[in-house]
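What follows is one structure encoded as structure tokens, with my remarks underneath.
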Amino acid sequence: MLAQFVSAFTRAILMVVLVAMPAMILPGVSSDSAQIALLISLFAAALVFIEYFATYPSIIEFRYAPPFNRLRYASVFLTVFVLASIARNGTDPSLWTGLLTSLGQLVGAALDFPYSPVRLVLATLPAGTDLAEISFVRAAAGLSYALSLLSLLLFYFMVRVLEWPARNGAFNVWVNLPLFDPTAGGDVLPRLNRDGRLNIALGFLLPFLFPAFIHTISDLFNTLQLTHPQTLIWTVILWAFFPAGLVMRGVAMIRIAAMIDENRKRAYAVAQGLQPV
């Protein structure tokens, strides 16, 4: 019980650091923005603590299949830190923030080609946007998208080469997929494969559909000041890593379906061998 409490509390602290990081790094943050960031971080921390301290999870998936969630957290944490550092370079430049800004501009320029997700994000900016803000948005979108793709490649390597999650022991579908009901009807294998392919398809389409959705409700986003550093950071994080999370979930579900199919074939072969001739 004590170890579980310490583990849940540590994860809650890490969530507070992640959510509050832009407010801590960016200069000139107003007291109202800092208070809102603190409230959101405390809410996220409470949710994570409850999920990991409870005996069985209710929302967070793959709780007992590391390092799935650790990879997602590390990717988002690194991206938030890099984007906040780039935003800080505009008012408080340093050697480190200047290096990250140059890297972001190079990656953003490389991914800014016709019909690319980065170009679609830039198309959502209102007319007359300052060139410095356009450069910041390009760098933020390019780096976020590149890091999300890197996280997908790393997870694919874990699945194909490191044989995730087989090396962690037996995989419990009910505990690791609390939002998936294996007893809802029908064979679990077709449902896992279908849901996995659906998640992968949505993950690849959303980076293209999300900017179009923002452009459709551009009046609302203009009032929310999309070019404001904190708003932009979390909008870009949502645009890049929510689809990446869906792709990772889809790949994981297809992998689990393959493991269940292998176990079934092995059990069937053993049963056939035990039958008298």
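Here the structure is a predicted model, which means the values were calculated and not measured.
The backbone N or O of Ala257 sits nowhere less than 3.5 Å from a side-chain atom of Glu262 that would complete a donor-acceptor pair. Checked by atom type and distance alone, the side chain of Ser135 never pairs as donor or acceptor with a backbone atom of Ala132 at under 3.5 Å. The main-chain N or O of Ala244 is never found under 3.5 Å from a side-chain atom of Ser148 such that the two would form a donor-acceptor pair. Counting only distance, with no hydrogens or angles, the side chain of Arg11 and the backbone of Tyr52 share no donor-acceptor pair below 3.5 Å. Looking only at distances, no side-chain donor or acceptor of Asn199 sits under 3.5 Å from a matching main-chain atom of Val247. A donor-acceptor pair under 3.5 Å links the side-chain atoms of Thr124 to the main chain of Val121, judged by distance alone. The backbone N or O of Leu125 lies less than 3.5 Å from no partner atom in the side chain of Thr129, so there is not a single donor-acceptor pair. Thr79 contributes a side-chain N or O that, together with a main-chain N or O of Ser75, makes up a donor-acceptor pair within less than 3.5 Å.
In this structure, Pro27 and Arg88 have side chains that are in contact, with non-hydrogen atoms separated by less than 4.5 Å. Residues Val80 and Pro22 have side chains in contact (heavy-atom distance under 4.5 Å, counting atoms from C-beta outward). With contacts defined as side-chain heavy-atom distances shorter than 4.5 Å, the pair Thr231/Thr235 qualifies. For the pair Leu232 and Phe136, the minimum side-chain heavy-atom distance is below 4.5 Å. Residues Ile134 and Arg138 form a side-chain contact, since some pair of their non-hydrogen atoms from C-beta on lies under 4.5 Å apart. Contact check for Phe171 versus Ile260: no side-chain heavy atoms found under the 4.5 Å cut-off. In this structure the side chain of Arg255 reaches within 4.5 angstrom of the side chain of Pro165, judged on heavy atoms. Within the 4.5 Å cutoff, side-chain heavy atoms of Ile254 are placed close to those of Arg197.
Across every non-hydrogen atom of Trp234 and Val19, the tightest pair is CZ2-O, 3.5 Å. Annotation for Met15 and Ala44: closest pair CG-CB, 3.5 Å, computed over non-hydrogen atoms. Leu26 approaches Pro229 most closely through the heavy-atom pair CD1-CB, 3.7 Å. Considering all non-hydrogen atoms of both residues, Pro117 and Trp239 come closest at CB-CZ2, 3.5 Å. Of all heavy-atom pairs spanning Leu83 and Ser144, the tightest one is CD1-OG, 3.3 Å. Scanning all heavy atoms of the two residues, the minimum distance from Gly98 to Asn89 falls at N-OD1, 3.2 Å.
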*May I have the step-by-step check of side-chain contact (heavy atoms from CB on, under 4.5 Å) for Leu71 and Met158, ending in yes or no?*
CA-CA 10 Å; Leu71 175 61; Met158 290 165 45; 4.0 Å; yes
*Mind running ring pair (Phe, Tyr, Trp, His ring centres under 6.0 Å) on Phe5 and Phe49 for me, showing each step along the way?*
CA-CA 8 Å; Phe5 175 84; Phe49 178 82; 5.6 Å; yes
*Take Leu120 and Phe208, measure what side-chain contact (heavy atoms from CB on, under 4.5 Å) needs, and give me the verdict at the end.*
CA-CA 7 Å; Leu120 295 177; Phe208 298 90; 3.7 Å; yes
*Verdict with supporting geometry, Ser94 and Thr97, side chain to side chain donor-acceptor pair (under 3.5 Å)*: CA-CA 5 Å; Ser94 66; Thr97 58; 3.0 Å; yes
*So Phe68 and Phe155, ring pair (Phe, Tyr, Trp, His ring centres under 6.0 Å) or not? Walk me through it.*
CA-CA 8 Å; Phe68 183 88; Phe155 179 68; 5.3 Å; yes
*Test Ile86 against Leu143 for side-chain contact (heavy atoms from CB on, under 4.5 Å), laying out the working first.*
CA-CA 11 Å; Ile86 293 176; Leu143 268 178; 3.5 Å; yes
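Atom CZ of Phe9 has 12 or fewer heavy atoms from other residues, nucleotides or ligands within 6.0 Å. Taking a 6.0 Å sphere around CZ of Arg160, one finds it holds 12 or fewer heavy atoms contributed by other residues, nucleotides or ligands. The local environment of CZ in Phe113 is crowded, with over 12 non-hydrogen atoms from other residues, nucleotides or ligands closer than 6.0 Å. In this structure, Leu95 places its CG atom where only 12 or fewer heavy-atom neighbours from other residues, nucleotides or ligands lie under 6.0 Å away. Environment of CZ in Phe43: sparse, with no more than 12 heavy atoms of neighbouring residues, nucleotides or ligands closer than 6.0 Å.
Residues that satisfy the side chain to side chain contact (heavy atoms under 4.5 Å, CB included) test with Ser33, not counting sequence neighbours, are Val29, Ser30, Gln230. With sequence neighbours excluded, no residue satisfies side-chain hydrogen bond (donor to acceptor under 3.5 Å, both in side chains) with Ser31.
Between atom OG of residue Ser102 and atom CG of residue Leu100 there is a gap of 9.0 Å, rounded to the nearest 0.5 Å. Separation of atoms OG (Ser7) and CG (Leu2) is listed at 11.0 Å; rounding is to 0.5 Å. Of the inter-residue distances, the one linking Leu78 atom CG with Leu150 atom CG reads 9.0 Å to the nearest 0.5 angstrom. Atoms CG and CE, from Asn263 and Met259 in turn, are 6.5 Å apart once rounded to the nearest 0.5 Å. Separation of atoms CE (Met21) and OG (Ser41) is listed at 11.5 Å; rounding is to 0.5 Å. Here Arg63 contributes atom CZ and Leu177 contributes atom CG; the two are 14.0 Å apart, rounded to the nearest 0.5 Å.
Salt bridge Arg191/Asp195: absent, no basic N to carboxylate O contact under 4.0 Å. Asp187 and Arg264 are joined by a salt bridge, as a carboxylate oxygen and a charged side-chain nitrogen come within less than 4.0 angstrom of each other. Using a cutoff of 4.0 Å between basic side-chain nitrogens and carboxylate oxygens, Arg249 and Glu61 are scored as salt-bridged.
For Phe210 and Phe242, the distance between ring centers is not under 6.0 angstrom. The aromatic ring centres of Phe241 and Tyr145 sit 6.0 Å or more apart. In this structure, Phe62 has its ring center under 6.0 Å from that of Trp164.
Other members of the hydrophobic cluster containing Leu205, listed by chain and number, are Leu209; membership follows side-chain contacts under 4.5 Å among ILVMFWY residues, whether direct or relayed.
Hydrophobic clustering keeps Leu39 apart from Leu47 (ILVMFWY residues linked when any side-chain heavy atoms are closer than 4.5 Å, directly or through intermediates).
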